Amino acid sequence: MKKNVAQEEAFDTSEKLKRFFKRWTGPALVAIVLLGLWETLSRYYDAYLILPPPSSVAEYLWYAIADGTLPGAVLVTLKRLFVGYLIGIALGIPLGMLCAKLKVFRDTLGLLAMGLQALPSVCWVPLAMLWFGQTEKAMLFVVVMGTVWSLIIATQHGVNSIPPIYVRAAETMGSKGMHTWIHVILPAAFPNILGGMKQGWAFAWRSLMAAEIYVVILTGFGLGQLLHYGRELMEMSQVIGVMCVVIAIGLLADKLLFSPWENFLRKKWGITND
Amino acid sequence: MSVHKELENVAPSKLSVRGVNKVFHGAQGKTVALEDINLKVDEGEFVCLVGPSGCGKSTLLNLIAGLDKPTSGKILMDDKPITGPGRDRMVMFQEHALFPWLDVMGNVLFGLKLKPNLTNPERREVAKFYIHLVGLEKFMHASIHELSGGMRQRVALARALAPNPRILLMDETFGALDALTREQLYGELQDIWQKRRKTIVFVTHNIREAVCLGDRVILFSPHPGRIAREFKIDSLKRPRDINDPDLTNYASTITAALKQHIGGSVAE
Ligand SMILES: Nc1ncnc2c1ncn2[C@@H]1O[C@H](COP(=O)(O)OP(=O)(O)OP(=O)(O)O)[C@@H](O)[C@H]1O
Ligand SMILES: [Mg+2]
């Protein structure tokens with residue numbers, strides 16, 4: 001019996017590997033061909049100032065990682081992003097719950113959130129400068145503004161669209177007040193809240209990049225600033241290298257932060273949230 | 001040992017509904033859902049409420065559950081007025097109302113976790129007992145959406161039984177199931193009812209189902225919802241089989257009576 005299970009597992013992994021290769025061989029080949037083409041053309045036309053070849057981008061990345069500027073900038077940026085994002089969630093979910101529950105909040109904060117969510121969050125940058133100056137607080141403010149409105153709206157909508165039967169069933173089992181909120185209403189609204197979290201993340205990430213490119217903050221040198229100086233110094237390989245890192249972080253965040261939750265949704269609700 | 005004690009049968013309760021009226025003020029104006037309902041249910045009795053759609057069966061069940069209050073009149077449980085929902089009366093709703101974010105175990109544990117004086121391992125043991133009772137031990141950790149309709153209703157039954165209520169309120173619980181699964185569940189429910197000694201109020205619009213399960217069948221008529229007649233089902237032995245010809249005869253009598261009252265819009 002045990003042997004059987006082990007065999008099955010072995011079969012499973014080899015099957016998975018096979019599938020992995022089948023899935024990725026095509027895209028990998030295309031990528032290699034395109035990169036090769038780019039490399040040859042860029043060298044042929046000697047276009048280092050306009051579009052440097054991938055090898056020189058790779059070279060930049062290599063040195064920037066080795067001397068610590070790139071990891072340092074990634075850390076600074078991610079710290080701003082995460083702290084701001086968490087504050088945004090911590091504010092957005094309770095405020096969204098209030099909006100769902102109380103008409104006073106729905107008619108004031110709820111409407112405000114609706115309006116402000118339509119404002120591209122880059123537009124907060126000038127205001128943040130005026131209020132906070134060139135400080136970390138300004139960066140945080142921009143990220144929080146990117147996150148919080150999406151979460152308020154998603155939470156409010158999620159809570160209001162829960163089937164009322166869940167709450168009634170919970171009541172008969174002796175649940176009330178905060179217990180109902182934490183164990184019934186929030187989990188029931190979770191598919192919607194997750195949607196808001198994804199949207200908030202995308203808004204926060206974009207607005208933080210804009211803010212970092214736009215404003216120099218002396219207390220920390222983020223990815224956006226690296227990009228900015230790449231332009232100032234006409235270092236095209238730096239500009240493209242940093243762009244690659246920004247893309248990679250975006251993709252990784254999606255995988256690491258949201259995939260587990262989406263799998264949870266798929267497993268429990270049987271829904272896909274794409 | 002506390003688990004043993006927890007799993008012992010509790011004494012079933014009696015119910016007394018006295019002069020209950022329920023009026024809703026909805027979008028289309030005033031609806032009299034229930035008018036002057038008087039009903040007594042004995043300890044351990046299995047009562048079925050039948051009647052066409054909209055005659056207030058679910059409304060009455062919600063009032064007994066304490067999820068809603070009567071406009072006038074009183075509902076007493078063991079001579080004490082019902083003031084709100086309570087673990088002594090568990091409800092199985094028309095839709096199963098299981099929580100999709102919890103697995104089978106989590107759903108059955110939900111009510112137990114709110115019950116004081118039990119440790120968590122004891123709660124798990126009690127939950128396992130009821131999951132076994134409804135025959136789902138292989139699906140302890142399955143997600144709700146992976147289960148068939150019949151299995152979901154079994155989970156809902158286990159969840160309702162787990163806090164060991166004195167009264168079980170069931171609202172068209174088997175309505176959405178196919179005939180075969182339903183027949184199987186009739187057997188299981190009668191079996192559990194006898195083993196666990198509960199007072200059961202069971203709502204259905206299927207008269208054969210009511211005759212198969214109930215000690216008594218109460219006929220409701222609509223607009224406004226009233227009790228039209230009641231039938232004692234005392235000549236049929238338990239466990240009853242829905243395909244038993246005697247039972248079918250009984251059901252036809254009641255259907256005929258119901259047609260007289262409301263002019264025939266009822267499923268037999
Ligand atoms: N919350 C409510 N607001 C307004 N009217 C309601 C409400 N709940 C029920 N009603 C009305 O009360 C009447 C009785 O409804 P109820 O749900 O009790 O019927 P029922 O006998 O359970 O019907 P069914 O067999 O279709 O489930 C209906 O006319 C319905 O429209
Ligand atoms: Mg109903």
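Chain naming here is simple, since letters A, B, ... match the order of the sequence lines and numbering starts at 1 in each. Owing to the predicted nature of the structure, the values given are computational and were not obtained by experimental measurement.
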Are there over 12 heavy-atom neighbours, none belonging to A/Trp181, within less than 6.0 Å of that residue's CH2? yes
Of the non-hydrogen atoms in B/Leu102 and A/Lys268, which two are nearest, and what is the gap between them? C-NZ, 4.2 Å
Counting only heavy atoms from other residues, nucleotides and ligands, does the tally under 6.0 Å from CE of A/Met243 exceed 12? no
side-chain contact (heavy atoms from CB on, under 4.5 Å), that's the test. Do B/Leu67 and A/Glu171 meet it? Break it down for me. CA-CA 8 Å; B/Leu67 289 168; A/Glu171 269 181 65; 3.8 Å; yes
What is the minimum heavy-atom distance between A/Ile165 and B/Ala97, and which atoms define it? CG1-CB, 3.5 Å
What's the spacing between A/Thr172 OG1 and B/Arg159 CZ if we round to 0.5 Å? 7.0 Å
Can you tell me if B/Lys115 has over 12 outside heavy atoms packed within less than 6.0 Å of its NZ? yes
Carefully, step by step, assess A/Met173 and B/Met90 under the rule side-chain contact (heavy atoms from CB on, under 4.5 Å). CA-CA 7 Å; A/Met173 290 185 275; B/Met90 291 299 294; 3.2 Å; yes
Does any backbone or side-chain atom of B/Asp88 lie under 4.5 Å from a heavy atom of chain A? Answer side chain, backbone, both or neither. neither
Please report the interatomic distance NZ(B/Lys113) to OG(A/Ser175), rounded to the nearest 0.5 Å. 12.0 Å
Select one option (side chain, backbone, both, neither) describing which atoms of B/Leu98 are under 4.5 Å from chain A's heavy atoms. backbone
Is the CZ atom of A/Arg206 crowded by more than 12 outside heavy atoms at less than 6.0 Å? no
CG of A/Leu186 to CH2 of B/Trp101, rounded to nearest 0.5 Å, is 10.0 Å
Take atom CG of A/Asn263 as the centre, draw a 6.0 Å sphere, and report whether it contains more than 12 heavy atoms from other residues, nucleotides or ligands. yes
For A/His183, is it the side chain, the backbone, both, or neither that has a heavy atom closer than 4.5 Å to a heavy atom of chain B? both
Might you work through the side-chain contact (heavy atoms from CB on, under 4.5 Å) test for A/Tyr166 and B/Phe99, ending with a clear yes or no? CA-CA 7 Å; A/Tyr166 287 155; B/Phe99 302 143; 3.8 Å; yes
Are there more than 12 heavy atoms of other residues, nucleotides or ligands under 6.0 Å from atom CZ of A/Phe141? yes
Take B/Ile144 and A/Trp269 through the side-chain contact (heavy atoms from CB on, under 4.5 Å) test and state the conclusion after the steps. CA-CA 8 Å; B/Ile144 299 305; A/Trp269 271 261; over 6 Å; no
Would you say CZ of B/Arg196 has more than 12 non-hydrogen atoms from neighbouring residues, nucleotides or ligands within 6.0 angstrom? yes
